**Q** 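I'd like to ask you about the structure that follows.
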Amino acid sequence: MDLKLNGKRALVSGSTAGIGFAIAAGLAREGASVIVNGRTQHRVDEALSKIKLDVRGADVVGIAADLGSKDGVAKATEQLPEVDILINNLGIFEPKAFGEIPDADWMRFFEVNVMSGVRLSRFYFPKMMKQNWGRVVFISSESALNIPQEMIHYGMTKTAQLAVARGLAQLTAGSNVTVNSVLVGPTKSEGVETFVKDLARDQKKTAAEIEANFFKTARPTSLLKRFITTDEVAAMVVFLSSPQGSATNGAAVRVEGGCVQSIV
């Protein structure tokens, strides 16, 4: 399928590793002009080198800015006044007991996970509406619906993203702009892979045994029964970012391996 992304400019926040990197590479592979983002120039340069090595002729550049802050967004938008596609991927997580989460952590998680997307969308969305074409995708999580007991503050931010995305989508009625969110399930990012290997070493088990036990105890509702790959997530995001995904708008699209049991 030709996703018709040639000539489209895409910004992927937090894209030097993990899901964000896979999305950036996927968009570049389909011919989009991609802006990779990370907090440091070193990380950005590393990601750019990897994409250029993997995707022949990739049109990629980078912006080093902390998009989890107001100043970082101002810096990035000054360098990049317009985009056709905005992927709000930047996010943080941290397991912590509810009673031990201070106010500062609640505010920090909201600032990074929610306000980064709000600020970027507030800047780019009106321009998309003016040109009558654009795509905004919020990378949320199945934790938006299955609020994790071990990190309620994280789940709160993922639910908030769904509300922002749906509200923005309602402003697009009759246009060629779409806004969607993606509910991502347990994914085998670099951090998860390292964690599983370390746990396997400490418990004298194989990585496969640790993974199987995780889905038996922590995510028993999963139908996939394995970690999702970053490329599997990216494939859905790239489609939603394309002209071919025009009929999907205001949706919370699931790429979570069947962890969410509800049918709506």
Side-chain angles (χ1 to χ4, degrees), residues 3 5 8-55 57-69 72-93 111-121 123-124 134-141 157-158 161 165 179-182 184 187-194 228-242 253 255:
L3 293 183
L5 281 167
K8 301 298 185 185
R9 175 176 287 189
L11 169 63
V12 186
S13 67
S15 49
T16 57
I19 291 171
F21 176 82
I23 293 170
L27 288 166
R29 200 171 288 116
E30 291 296 328
S33 174
V34 181
I35 297 90
V36 171
N37 160 253
R39 287 182 296 174
T40 69
Q41 192 63 51
H42 174 69
R43 293 278 288 171
V44 169
D45 289 343
E46 279 190 336
L48 291 176
S49 295
K50 290 178 182 177
I51 293 175
K52 289 177 181 177
L53 188 64
D54 180 57
V55 183
D59 182 5
V60 288
V61 295
I63 290 181
D66 180 3
L67 298 184
S69 70
V73 171
K75 176 183 177 182
T77 53
E78 183 178 357
Q79 295 180 54
L80 187 65
E82 292 185 8
V83 297
D84 303 297
I85 299 163
L86 171 62
I87 310 298
N88 289 312
N89 170 74
L90 180 64
I92 57 175
F93 72 95
E111 181 82 0
V112 175
N113 292 4
V114 181
M115 289 308 298
S116 61
V118 167
R119 289 177 178 131
L120 289 168
S121 300
F123 184 84
Y124 292 116
R135 297 286 184 265
V136 180
V137 181
F138 286 79
I139 306 304
S140 184
S141 166
T157 65
K158 296 289 111 176
Q161 285 181 314
V179 184
N180 293 289
S181 51
V182 175
V184 180
T187 303
K188 198 171 188 176
S189 62
E190 289 91 333
V192 168
E193 193 167 10
T194 299
I228 300 160
T229 69
T230 56
D231 285 342
E232 286 171 326
V233 177
M236 178 62 77
V237 177
V238 172
F239 172 75
L240 292 173
S241 302
S242 75
V253 180
V255 189

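If you're wondering where the values come from, they're calculated on a predicted model, not measured in any experiment.
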**Q** Between L80 and Y124, is there a side-chain heavy-atom distance shorter than 4.5 Å?
**A**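 They are in contact (side-chain heavy atoms under 4.5 Å apart), so the answer is yes.
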**Q** Evaluate the side-chain proximity of S140 to Q161: yes if any heavy-atom separation is below 4.5 Å, no if none is.
**A**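 Counting from C-beta outward, Q161 and S140 do come under 4.5 Å.
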**Q** For a quick test of reading the model, state the closest non-hydrogen atom pair linking S15 to A24 and the distance between them.
**A**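 The answer is CB-CB, 4.3 Å.
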**Q** Is D59 reaching over with its side chain to a backbone N or O of A28, donor-acceptor style, under 3.5 angstrom?
**A**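 No, the answer is negative, given that no donor and acceptor are paired below the 3.5 Å cut-off.
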**Q** May I ask you to decide if V137's main-chain N or O and N180's side chain share a donor-acceptor pair within less than 3.5 Å?
**A**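 Not confirmed, N180 side chain does not pair with V137 backbone.
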**Q** Once you round to the nearest 0.5 Å, how far does CZ of R43 lie from CG of L48?
**A**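 CG of L48 is found 12.0 Å from CZ of R43.
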**Q** Should we say atom CZ of F93 is surrounded by more than 12 heavy atoms from elsewhere, each under 6.0 Å from it?
**A**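 Open.
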**Q** Please round to the nearest 0.5 Å and tell me the distance separating atom CE of M236 and atom CD1 of I228.
**A**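 So the gap between those two atoms works out to 10.5 Å.
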**Q** Work out which heavy atom in K158 is nearest to a heavy atom in S141; give both atom names and the distance.
**A**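 Closest approach of K158 to S141: CD-CB, 3.6 Å.
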**Q** Donor-acceptor pair, distance only, cut-off 3.5 Å: does the side chain of T77 make one with the backbone of A74?
**A**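 Judged by distance alone, yes, a pair lies under 3.5 Å.
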**Q** How long is the gap from CG on L240 to CG on L3, to the nearest 0.5 Å?
**A**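 Rounded to the nearest 0.5 Å, the CG-CG separation comes out at 10.5 Å.
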**Q** Decide side chain to side chain contact (heavy atoms under 4.5 Å, CB included) for I87 and S241; before the verdict, give the C-alpha distance in whole Å, the side-chain angles of both, and the deciding distance to 0.1 Å.
**A** CA-CA 8 Å; I87 310 298; S241 302; 3.4 Å; yes
**Q** For residues 26-37, pull every pair meeting salt bridge (Lys or Arg N to Asp or Glu O under 4.0 Å), keeping only residues two or more places apart or in separate chains.
**A**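 Residue pairs with at least one partner in residues 26-37: R29-D54.
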**Q** Donor-acceptor check, side chain of K75 to backbone of A64, threshold 3.5 angstrom: yes or no?
**A**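 Yes, K75 side chain to A64 backbone: donor-acceptor pair under 3.5 Å.
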**Q** Mind checking whether I139 and I23 have side chains closer than 4.5 Å, heavy atoms only?
**A**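 Contact flag for I139/I23 side chains = yes.
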**Q** Any side-chain heavy atom of V238 within less than 4.5 Å of one from L5?
**A**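 Yes, side chains in contact.
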**Q** Looking only at non-hydrogen atoms, find the nearest pair between G91 and N113 and report the distance.
**A**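 Smallest heavy-atom distance, with atoms named: CA-OD1, 3.1 Å.
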**Q** Can V44 and T16 be said to form a side chain to side chain contact (heavy atoms under 4.5 Å, CB included), step by step?
**A** CA-CA 6 Å; V44 169; T16 57; 4.2 Å; yes
**Q** Give the minimum heavy-atom separation between I19 and T230, together with the two atoms involved.
**A**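 In this case the closest contact between I19 and T230 is N-CG2, 3.9 Å.
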**Q** Testing the basics here: between A76 and A65, what is the closest heavy-atom pair and its distance to 0.1 Å?
**A**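 Result for this residue pair: CB-CB, 4.4 Å.
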**Q** Please confirm whether the backbone N or O of I63 pairs with a side-chain atom of N37, one donor and one acceptor, at under 3.5 Å?
**A**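 Looks like yes, one N/O pair under 3.5 Å.
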**Q** Measuring from atom OG1 of T40 to atom CG of D66, what distance do you get when rounded to the nearest 0.5 angstrom?
**A**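 Rounded to the nearest 0.5 Å, the OG1-CG separation comes out at 10.5 Å.
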**Q** Run the numbers on I35 and R9 for side chain to side chain contact (heavy atoms under 4.5 Å, CB included), then give the verdict.
**A** CA-CA 8 Å; I35 297 90; R9 175 176 287 189; 3.4 Å; yes
**Q** Can you name the nearest heavy-atom pair linking S69 to E111, along with the distance?
**A**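 Heavy atoms of S69 and E111 come nearest at CA-OE2, 4.4 Å.
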**Q** Judged by atom type as modelled, is there a donor-acceptor pair below 3.5 Å linking the side chain of N89 to the main-chain atoms of G14?
**A**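 It does hold such a pair.
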**Q** Would you say that I51 contacts F21 through its side chain, given a criterion of any heavy-atom pair below 4.5 Å between the two side chains?
**A**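 Sidechains of F21 and I51: in contact.
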**Q** Looking at I85, L120, N88, which one forms a side-chain contact (heavy atoms from CB on, under 4.5 Å) with L11?
**A**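 That would be L120.
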